[in-house]
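The structure under discussion appears below in the form of structure tokens.
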Amino acid sequence: MTRRRGLALPGLAATLAAAGALIAAPTADAQALLRGEGGAAYVVGVTSWVDMPFRTIVRQQYDYSCGSAALATLLHYHYGRATTEQDVFTAMYAVGDREKIQRVGFSLLDMKRYLTSIGLQSDGYRLNLQGLARMDTPAIVLIQVGSYKHFVVLKGVRDGWVLLGDPALGLHQIPEAEFMSMWNGIAFAIHDREQPARFNIAAEWEAKTTAPLGAGYEVVSIDALTRELAPLYQITPLIVSSVPQP
């Protein structure tokens with residue numbers, strides 16, 4: 001459920017075709033070949049600053065698809081079930097109230113039905129933030145800023161901060177008070193005890209997305225550029241080989 005920007009919802013076939021093309025396309029991840037002393041070559045992974053906040057989040061492709069992207073994030077990154085936004089979108093749209101989905105997006109009921117169809121039990125809970133933290137499990141929550149309603153994944157709670165996986169903005173932390181001012185008090189979570197979920201992941205809490213500008217040292221390599229970042233965003237060699245320097 002998210003804001004509309006005056007875009008008309010295309011026919012289902014066109015929508016899914018476009019979604020497939022976007023989702024199937026890789027992110028900006030690439031590889032770079034660096035040469036060290038003695039001619040050794042290092043092949044390293046490179047991720048753009050734009051994509052860094054989405055390394056553990058499925059990015060939504062449409063204004064009205066935050067629900068399907070949030071659910072795909074929950075399944076893929078917290079329960080280890082390979083899931084794309086297209087998987088969820090297709091299934092929920094096919095059996096849902098299409099007119100309503102076109103107006104306001106997917107609902108928690110749509111999500112519950114989808115999870116039931118793949119053998120997972122889920123429910124919505126009304127509770128406070130302390131109760132949500134005691135659940136020790138990730139959840140989908142609905143936040144509202146003004147008239148803007150939006151599904152995000154609550155990835156952790158600690159030390160007065162809330163860690164959110166936002167399908168539109170990526171990974172970010174906000175103070176508890178700010179979160180409480182936006183949250184409607186309902187959390188939607190999977191309660192399948194046979195499949196424990198990842199919650200309060202240390203690497204996500206440590207992740208930062210601000211560039212290390214003004215760090216006071218000369219950048220001489222991609223490794224040096226990323227050494228001040230949290231481990232989640234550091235670039236590490238994928239392949240090390242001795243390739244003679246031409």
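Atom-to-atom distance recorded for Ile140:CD1 and Met111:CE is 4.5 Å, nearest 0.5 angstrom. Note that CG of Asn184 is 8.5 Å distant from NZ of Lys149, once rounded to the nearest 0.5 Å. For the atom pair OG (Ser107) and CZ (Arg113), the distance works out to 7.0 Å, reported to the nearest 0.5 Å.
The shortest heavy-atom contact between Cys66 and Pro167 is O-CG, 3.8 Å. In plain terms, the two heavy atoms of Gly67 and Phe151 that are nearest each other are CA-CD1, 3.8 Å. Taking every heavy atom of both residues into account, Trp205 and Val157 meet most closely at CZ2-N, 3.6 Å. Closest non-hydrogen pair, Ile101 versus Phe106, comes out as CD1-CE2, 3.6 Å.
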Table please: side-chain donor-acceptor pairs of residues 70-80 below 3.5 Å, with sequence neighbours left out.
| residue | atom | partner | partner atom | Å |
| --- | --- | --- | --- | --- |
| Thr73 | OG1 | Val58 | N | 2.8 |
| Thr73 | OG1 | Ala69 | O | 2.9 |
| His76 | ND1 | Thr83 | N | 3.1 |
| His78 | ND1 | Arg198 | O | 2.6 |
| His78 | NE2 | Lys155 | NZ | 3.0 |
| Tyr79 | OH | Ile190 | O | 3.4 |

N/O donor-acceptor pairs under 3.5 Å from side chains in residues 116-124, not counting sequence neighbours:
| residue | atom | partner | partner atom | Å |
| --- | --- | --- | --- | --- |
| Thr116 | OG1 | Lys112 | O | 3.0 |
| Ser117 | OG | Tyr114 | O | 2.5 |
| Asp123 | OD1 | Lys112 | NZ | 3.3 |
| Asp123 | OD2 | His191 | NE2 | 2.8 |

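Looking at Thr56 and Ile201, their side chains never come closer than 4.5 Å, going by heavy atoms from C-beta outward. Between Gln60 and Phe89, the closest side-chain pair of non-hydrogen atoms is not below 4.5 Å. The shortest side-chain heavy-atom distance between Leu115 and Phe188 falls under the 4.5 Å cut-off.
No donor-acceptor pair under 3.5 Å is formed between the side chain of Gln102 and the backbone N or O of Val104.
In this structure Phe179 satisfies the side chain to side chain contact (heavy atoms under 4.5 Å, CB included) test together with Leu129, Val141, Ile143, Leu154, Val162, Leu164, Ile174, Trp183, sequence neighbours excluded. Residues forming a side chain to side chain contact (heavy atoms under 4.5 Å, CB included) with Arg134 (at least two apart in sequence, or on another chain): Gln130. For Asp97, the salt bridge (charged side-chain N to carboxylate O under 4.0 Å, His left out) test picks out no residue, with sequence neighbours left out.
Looking at His172 and Asp166, their side chains never bring a donor and an acceptor atom within 3.5 Å of each other.
Within the structure, salt bridge (charged side-chain N to carboxylate O under 4.0 Å, His left out) contacts touching residues 168-179 (residues at least two apart or in different chains) do not occur.
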